[in-house]
Amino acid sequence: MLLAFSNLLAFWPLTYLALGVALGIIVGSIPGLTASMLIALSLPLTFYMSSVDAMTLLIGMYVGGISGGLIAATLLRMPGTPASIMTTFDGFPMAQQGKGERALALGIAASIIGGLISWVFLAVLSPPLANLALRFGPWEYFTMVLMALVMLASLSQGSLVKGLIAACLGMLLAMPGIDPSIGQLRLTFGWDKLTGGLALLPVLIGTFAISQILKDVIAIDQRLAQVQVMRRAVAIKARDLVTHGPNLLRSSVIGTWVGLLPGIGGNIAAMLAYATAKSVSKEPEKFGKGHEAGVVAAETANNASIGGALIPLITMGIPGSVVEAILIGALIIHNLQPGPLLFVTNPEIAYGVIASYLVANIFMALMMLAAVGWISRLMYLPRAYLLTAILFFCVIGTFALNNRFFDVWVMLAFGVVGFALEYCKVPLGPFVIGFVLAPIAEEQLRAGMMSSEGDFLALFGRPFAATFFVISILTLCWPLYQEWRQRRRASAEVTT
């Protein structure tokens, strides 16, 4: 760990981290642009970087992107990122009451505290969990992937059926190419360009960046009312940390542990922390009307969820959210195997992620406090110029992957697919994570079947695999059971 910090404090790694945090804050503060879009768009830029520097840059973007959403959520009632949805409930009313700087100061303080507390969990839990995961075999990995997909489908926004459809569609589109077990071509339909399958980078950029561009083009004429922010008025006070101490600690723990669950993300963490803060408050009627505790709970939890989501990423290779799925793609692009072996084969990456997350939170707080007034003006940039520049870099970055226009067409096609899925209220999370995890699930399932001579029931002879499988079944059945109860209750009320 100390070696990771010493390496991080060198000139270039620290520069990459600061650049990543700054870009993340800027992009996160602009409505319509998200951390996932920024990271997917930046992947081509990391091709010729060392793997450590690449992950350092992307972690900085992740932390900055989630934190930057606070600005637009507070000043415009437009969450810069989905994780900032709950911040609008009290941050915007505070801004309308002339307390915008106060809301921003509380949000920045909550962000850094949530990040620091979740870092403690990340640093303490990751090595022992990785050691435990080293005992896992193919059945454990297959059932873990299955559990991640099912939880993501059932807990993400939208119905269970739509989540499962999205996951299955993502897995299906990962199938074309060469069969990993027998080496034969499948689902290429005689098209030579599909021999290597669909590349991960064009899929990610298309799904997140191009689809978002299409959405923003539709609302290109939308005008935003400008709000002035005085930087000197945005200051963190020590007494605020004492006053909101219990809320900060409780929301940090909630955010971290929600982040551990595959596929939930910072928006659900913020919702749960906000609801908990309201339920234990002596003044619950003030929530939603400009209450400081609401801003603190939401911003603490959504930033703490980052540290929680990084734990399964570096210990088991399981993405806790869509951004983690993109980070797994970054590891794969750099020929690294995400999972417990990362601590054995590439400890500089695993511990580098842990160190980068801590320093990124410090950079985030310093940059937000120093430049929040200037950053808030970026929300009003002309959309036409901004979207044109983003589209240009999308095309250049995708073409640079293999120097072929086929990847550009794939990117554009998946942009349309992502736009259509969101239009139909089908979540993109299960779709992308299904695409990323399908090869891992297939490889581990076949390995398990070969080791047990085709006996699928062999997984019940392994405690962890059986546990993961049972959790998957329960997660799948629970929403169905809740829906059945609601229908039964509604029918009972009608008959009475």
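In this structure, CG on L38 lies 11.5 Å from CD1 on I25, to the nearest 0.5 angstrom. Here CG of N361 is found 6.5 Å from OG of S118. Values are rounded to the nearest 0.5 Å. Put simply, CZ on R250 and CD1 on I117 are 11.5 Å apart, with the number rounded to the nearest 0.5 Å. One distance of note links OG of S50 with CD1 of I349; it measures 7.0 Å at 0.5 Å rounding. Atom CG of L331 is separated from atom CE of M55 by 4.5 Å, given to the nearest 0.5 angstrom. Rounding to the nearest 0.5 Å places CD of E299 at 13.5 Å from CD1 of I113.
Annotation: side chain of M94 is in contact with side chain of V295 (closest heavy-atom distance under 4.5 Å). Taking 4.5 Å as the limit, every side-chain heavy atom of F363 sits out of range of all side-chain heavy atoms of V63. With a 4.5 Å cut-off on side-chain heavy atoms, L122 and I314 count as touching. Between T207 and F431, some side-chain heavy-atom pair lies under the 4.5 Å cut-off. Side-chain contact between T87 and N302 is present, with heavy atoms from C-beta onward closer than 4.5 Å. Using a 4.5 Å heavy-atom cutoff, the side chains of M368 and I71 are in contact. Put simply, the side chain of V52 does not reach to within 4.5 Å of the side chain of N7, judged on heavy atoms. Between L104 and L70, the closest side-chain pair of non-hydrogen atoms falls below 4.5 Å.
Nearest heavy-atom pair across E324 and L313 is O-CD1, 3.8 Å. For the pair G434 and M171, the tightest heavy-atom approach, listed with the atom from each and the gap, is O-CG, 3.5 Å. Minimum interatomic distance between S211 and G418 (heavy atoms only, all atoms of both residues): CB-C, 3.8 Å. Taking all atoms of both residues into account, the shortest heavy-atom contact from A293 to H244 is N-CE1, 4.1 Å. For T56 against L17, the heavy-atom pair with the smallest separation is O-CD1, 3.4 Å. Between V426 and A166, the shortest heavy-atom contact is CG1-CB, 3.5 Å.
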Verify side-chain contact (heavy atoms from CB on, under 4.5 Å) between F121 and S126, making sure each step is shown before the conclusion.
CA-CA 8 Å; F121 285 97; S126 294; over 6 Å; no

Begin from the C-alpha positions of L169 and F435 and carry the test side-chain contact (heavy atoms from CB on, under 4.5 Å) through to its verdict.
CA-CA 8 Å; L169 181 59; F435 184 87; over 6 Å; no

Candidate pair L336 and T345, rule side-chain contact (heavy atoms from CB on, under 4.5 Å), full reasoning:
CA-CA 9 Å; L336 298 171; T345 58; over 6 Å; no

May I have the step-by-step check of side-chain contact (heavy atoms from CB on, under 4.5 Å) for L327 and I59, ending in yes or no?
CA-CA 9 Å; L327 293 178; I59 291 296; 4.1 Å; yes

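Between the W12 side chain and the D53 main chain, no donor and acceptor come within less than 3.5 Å of each other. Judged by distance alone, with hydrogens and angles left aside, the side-chain atoms of T46 form a donor-acceptor pair with the main-chain N or O of L43 at under 3.5 Å. Between the S279 side chain and the T276 main chain, a donor and an acceptor come within less than 3.5 Å of each other. Without hydrogens or angle criteria, E140 side chain to P463 main chain gives no donor-acceptor distance under 3.5 Å. No side-chain donor-acceptor contact under 3.5 Å links N303 to the backbone of G115. When atom types are taken as modelled, the side chain of S251 and the backbone of L248 share no donor-acceptor pair closer than 3.5 angstrom. Remark: side-chain polar atoms of S42 are not paired, donor with acceptor, to backbone N or O of I39 under 3.5 angstrom.
Partners of A22 by side-chain contact (heavy atoms from CB on, under 4.5 Å), not counting sequence neighbours, listed by chain and number: M367.
With ring centers used as reference points, Y357 lies 6.0 Å or more from Y62. Between F89 and F287, the distance from one ring center to the other does not fall under 6.0 angstrom. For F142 and F469, the distance between ring centers is not under 6.0 angstrom. The distance between the ring centers of F5 and Y351 does not fall below 6.0 angstrom.
A salt bridge links E292 with R102: the closest approach of a Lys/Arg side-chain nitrogen to an acidic carboxylate oxygen falls below 4.0 angstrom.
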